[in-house]
Amino acid sequence: MKLSKLLTATLREAPADAEIISHKLMLRAGMIRQLASGIYTWLPLGYRTLKKVEAIIREEMNSANAQEILMPAIQPAELWRESKRWDQYGPELLRVNDRHEREFCFGPTHEEVITDLVRREVRSYKQLPIILYQIQTKFRDEIRPRFGIMRSREFLMKDAYSFHMNDESLQETYEKMYATYSKIFTRLGLKFRAVIADSGNIGGDKSHEFHVLAESGEDQIVFSKNGDYAASLERAKADLGEKDASALECARGIEVGHIFQLGTKYSSSMKTNCLDEHGKSITLTMGCYGIGVSRIVAAAIEQNHDEKGIVWPTSIAPFQLALIPVNMHKSIRLRDAVISLYDELSNNNVDVLLNDRNERPGVMFSDMELIGIPHRFVFSEKGLDAGEIEYKARQDDENQNIQIKKAITFIKEKIKNN
RNA sequence: CGGGGCGUGGCGCAGUCUGGUAGCGCACCUGCAUGGGGUGUAGGUGGUCGGAGGUUCAAAUCCUCUCGCCCCGACCA
């Protein structure tokens with residue numbers, strides 16, 4: 001990608017609306033723009049990162065044998081009445097009427113729809129257990145949306161649901177999802193912790209939250225020094241009492257994932273049964289597993305930034321490598337060298353961003369650092385004389401010169417090891 | 001919803017108290033110079049001041065209503 005063609009404009013000053021660092025940086029880097037309170041457009045740069053997060057989640061869910069589907073965002077009121085949540089959910093549920101005055105809502109979650117699907121489609125224990133998931137836009141009419149994409153009303157969520165003949169099977173899948181989530185957050189390059197949690201509104205028995213660790217996190221989590229216990233603060237107080245507090249450490253986290261064992265909450269109210277091997281009808285037991293896909297982008301920035309801007313983990317950076325030519329608009333030889341490497345990198349599937357605008361070096365450096373691209377090559381006349389370009393990692397202070405002809409191998413190695 | 005604050009070119013702000021017909025910095029466009037850390041210089045594009053109504057010779061500024069946005073609290077991926 002050439003920067004001159006990318007729809008983006010970096011800002012020196014953050015809009016006054018932005019309070020937390022991730023929101024400020026996302027606006028300054030040109031990743032998102034607000035349309036209304038808690039509702040945002042993803043610009044090309046931000047959307048690249050969002051899609052990378054999505055892709056990692058999808059890959060890991062698929063390799064856990066979850067099957068991807070896509071459910072409607074708009075859901076009929078009848079299903080929600082059946083689960084009793086139409087009245088329970090309150091004003092957070094965005095309700096709309098169609099032209100026939102039939103009632104619908106914009107789905108904040110999909111237990112009703114998935115349960116309805118499964119009760120229609122699944123007939124036999126032979127089809128179970130099953131894990132279905134989707135990555136989709138949700139809407140929750142939050143009392144107070146805030147902090148940009150961190151707590152928006154419209155957001156992208158990965159929601160998965162599992163169905164089982166018995167609790168043992170549910171437990172097994174729950175553990176598999178726990179492991180899958182750990183893999184996902186590890187691949188995303190984030191420092192995180194899983195904690196025992198209360199199951200909240202969704203209902204059910206057992207649940208864990210996954211928190212990205214960040215000073216600015218809204219949630220306080222507590223874990224034992226020997227590492228065998230971790231819980232949300234509320235839960236820890238309830239479980240342990242005051243006296244054990246000395247053995248605990250605190251940290252702040254941003255909740256980006258939550259897994260639940262729902263049991264039969266929805267399957268019984270919505271009559272979701274299936275025949276077992278004796279031909280007996282059994283009420284299915286359920287699990288559900290959510291990840292705040294868009295929130296991860298903000299959380300990643302909260303955890304990874306410095307005074308210059310974002311410091312992306314390589315796995316979710318919008319681009320892997322920035323090319324910065326000094327004085328390209330005056331030196332044909334330099335331009336040829338840059339373009340030639342740019343083309344070669346593109347052919348080698350390196351996500352490369354060429355800073356081809358006629359700017360002073362300082363401006364180019366600052367922009368690439370604000371955007372947080374993990375690796376950069378700088379081209380200069382004197383470097384070309386020696387057949388070299390300069391390499392620097394976003395997170396490091398030192399430069400190093402490398403031979404142009406080795407650039408491709410060099411950068412592929414860097415990206416792989418990061 | 002309760003409490004606090006704010007709406008003036010894309011962004012940050014001044015002007016509002018004390019009405020006189022909109023200004024600064026950044027960004028953007030053009031020229032010249034510059035070319036390794038947000039360069040200099042000259043010129044230029046862009047806003048009727050959230051919206052509606054009212055007062056007045058005259059309203060960004062005063063009055064009424066209204067819409068939107070942000071922050072603190074209860075909820076959540």
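Worth saying up front: this structure is predicted, and the values here are computed from it rather than measured. Here is the naming used below: chain letters follow the sequence lines, and residue numbers restart at 1 for every chain.
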Are more than 12 heavy atoms, taken from residues, nucleotides or ligands other than A/Tyr47, located less than 6.0 Å from that residue's OH atom?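 For A/Tyr47, atom OH is not crowded (no more than 12 foreign heavy atoms under 6.0 Å).
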
- Message: Exactly one of A/Val352, A/Ile371, A/Leu45 should register a side chain to side chain contact (heavy atoms under 4.5 Å, CB included) with A/Phe319. Which one does?
- Response: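 Single side chain to side chain contact (heavy atoms under 4.5 Å, CB included) partner of A/Phe319 among A/Val352, A/Ile371, A/Leu45: A/Leu45.
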
N/O donor-acceptor pair, side chain [X] with base [N], under 3.5 angstrom:
X        : N     : answer
A/Asn327 : B/G36 : no
A/Arg140 : B/C76 : no
A/Arg146 : B/C69 : no
A/Arg144 : B/G3  : no

Check your understanding: Contact class for A/Glu255 (heavy atom, under 4.0 Å): base, sugar-phosphate, or nothing?
Key ->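 Sugar-phosphate contact only - A/Glu255 comes under 4.0 Å of backbone atoms but never of a base.
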
Next on the checklist: Here's a test of your reading of the structure: between A/Met157 and A/Ala36, which maps to the more 5' nucleotide of RNA chain B?
Outcome noted: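 The 5'-side residue here is A/Ala36.
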
_Quick check: on RNA chain B, is the nucleotide nearest A/Ser152 upstream (toward 5') of the one nearest A/Arg28, or the reverse? Name the residue that is more 5'._
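Taking each residue's closest nucleotide, the earlier one in sequence belongs to A/Arg28.
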
Atom pairs under 3.5 Å, N or O on each side, protein against nucleotides 6-10 of chain B: can you list them with distances?
none

- Please answer whether B/A77 and A/Phe155 are stacked, defined here as ring centres separated by less than 5.5 Å and planes angled under 30°.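 Taking the rule of under 5.5 Å and under 30°, the ring of A/Phe155 does stack on B/A77.
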
Can you give me the N/O atom pairs linking the protein to nucleotides 22-30 of chain B at distances under 3.5 Å, or say none if there are none?
from: B/G25; atom 1: N2; to: A/Glu13; atom 2: OE1; distance (Å): 3.3

